[in-house]
Amino acid sequence: MTSERNAMTDTKQAANAPSNAMWGGRFAAGPDAIMEAINASIGFDKRMARQDIEGSRAHAAMLAAQGIITDTDAEAIREGLLTVLSEIDSGNFAFSTALEDIHMNVEARLKEVIGEPAGRLHTGRSRNDQVATDFKLWVRDQLDAAISGLEALIRALLSQAEAGADWVMPGFTHLQTAQPVTWGHHMMAYVEMFGRDMSRFQDARKRMNESPLGAAALAGTGFPIDRHMTASALGFDRPAANSLDAVSDRDFALEFLGAASICAMHLSRFAEELVVWSSAQFRFVALSDRFSTGSSIMPQKKNPDAAELIRAKVGRIMGANVGLMTVMKGLPLAYSKDMQEDKEQVFDAADSLMLALAAMTGMVSDMQANTESLEAAASSGFSTATDLADWLVRALNMPFRDAHHVTGSLVAMAEAKGCDLPDLSLADMQSVHAAITDEVFGVLGVHNSVASRTSYGGTAPSEVRKQVARWQEALK
Ligand code: ARG
């Protein structure tokens, strides 16, 4: 920050600065300070230091294996890069804005550490394939982190589902009480969503795992490089097959952001439910103190701040997705400097997603369902009206449309009497339809209702337990 501000204000000094050491041959004067400020990415791309050094070490080893540089030089480069990495890791590295980005910062320091052989590292490579490689490696790590973050969240949900496979709660449509469901069923709905999110990250990982390294500036290189060797050293499945595409592809970052946006949207929906459920009006769950805050003025308050922040994170993650899509739109092949604007938003989105996943996992592990409130709410609002209609169909062979009508009359009657369906007498029922028997009361309780919904994927505790077992098996 400080060095950027200095660069902005101290124009004269920058104008007098010597031309850049990396391409000084073509330039008589150094850049204007404002040019330096807009051009430099070191302020953020230093986050890719480890990936940059990993890529360079693979490249150097390959150059030596192909006889393009000597083994001695390659060894010096590879060792020197480790020294540079340890300086960066320990915070003993002076990042320079004048050196623009992480690639040139590392290479310049390597030169100071090992001298002449450092200048041979960039043979048969360009910053264009270098940055694409570094960024891909960085995004790949985030895909892995998202996958394991989701796995932890799914495990926490499975524990909740297992514990509450037969706790009854209201199921909603339009946020109006619809039919009773089980707590386990509701938790498992999120397991399915987060499971799909996980598979989106896994798919993206497979598709993106091709190495850009060796595409050089855009056209490949005349040096006899071995792109398969560097690809496999870096854990890629193969080298990217077209050098123009390799340096200008940012789909992998967009796929990450797309999958992250959907995942953040799912987190947001769940967070919203937790906010509502933890309110005094619902009292469906108690969130732990670890994930709540108090109010500075209202002593009684316990606020679901973590849930609210998770609910909000989708804004910046989706924003990053739209932002990068907009940066990439209309760019001609191959590399353009516009593409330097790819990183900050991805970094921010990744940080936000990992934090939201971790916070949600913590909240879900800690939260306590209030089974009494859940059951009381499930029993109100004529939630078993559909069970009554279904019973009329089954027991009296009534067409469903007629059964719907009869049930509607019974609901109106209960509403007028200020009671619930199971509280109506048999005589009340028979005044609406004479053939109703007292067998009907067997389907009106919420426990009977959920137990009866045994269709595949239904809310019955027996079905929920099957789905929990299937997921536990899948995660083994
Ligand atoms: N810092 C640059 C970026 O992030 C590295 C690539 C620079 N390439 C170039 N041709 N100027 O995109």
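When a ligand or atom number is given, it counts from 1 through the structure's own listing order.
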Just list the side-chain donor-acceptor pairs under 3.5 Å for residues 306-314, sequence neighbours left out, or say none.
residue: Glu308; atom: OE1; partner: Asp305; partner atom: N; Å: 3.4
residue: Arg311; atom: NH1; partner: Glu272; partner atom: OE1; Å: 2.6

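The aromatic rings of Trp183 and Trp277 lie tilted to each other, with the angle between the two planes from 30° to 60°. The aromatic rings of Phe135 and Phe347 stand perpendicular to each other, their planes meeting at an angle above 60°, with 30° marking the opposite boundary. The aromatic rings of Phe95 and Phe93 lie tilted to each other, with the angle between the two planes from 30° to 60°.
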Measure from every N or O atom of ligand 1 to the protein's N or O atoms and keep only the pairs below 3.5 Å, writing each with atom names and distance to 0.1 Å.
residue: ligand 1; atom: 1 (N); partner: Ser41; partner atom: OG; Å: 3.2
residue: ligand 1; atom: 1 (N); partner: Asp101; partner atom: OD2; Å: 2.9
residue: ligand 1; atom: 1 (N); partner: Gln340; partner atom: OE1; Å: 2.8
residue: ligand 1; atom: 4 (O); partner: Lys343; partner atom: NZ; Å: 2.6
residue: ligand 1; atom: 8 (N); partner: Asn128; partner atom: OD1; Å: 2.9
residue: ligand 1; atom: 10 (N); partner: Asn128; partner atom: OD1; Å: 3.0
residue: ligand 1; atom: 11 (N); partner: Arg127; partner atom: NH2; Å: 3.4
residue: ligand 1; atom: 12 (O); partner: Tyr335; partner atom: OH; Å: 2.4

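In this structure, the salt bridge (Lys or Arg N to Asp or Glu O under 4.0 Å) partners of Arg200, at least two apart in sequence or on a different chain, are Asp197.
Listed by first then second residue, pairs satisfying salt bridge (Lys or Arg N to Asp or Glu O under 4.0 Å) with a partner in residues 331-340 read Glu100-Lys337, not counting sequence neighbours.
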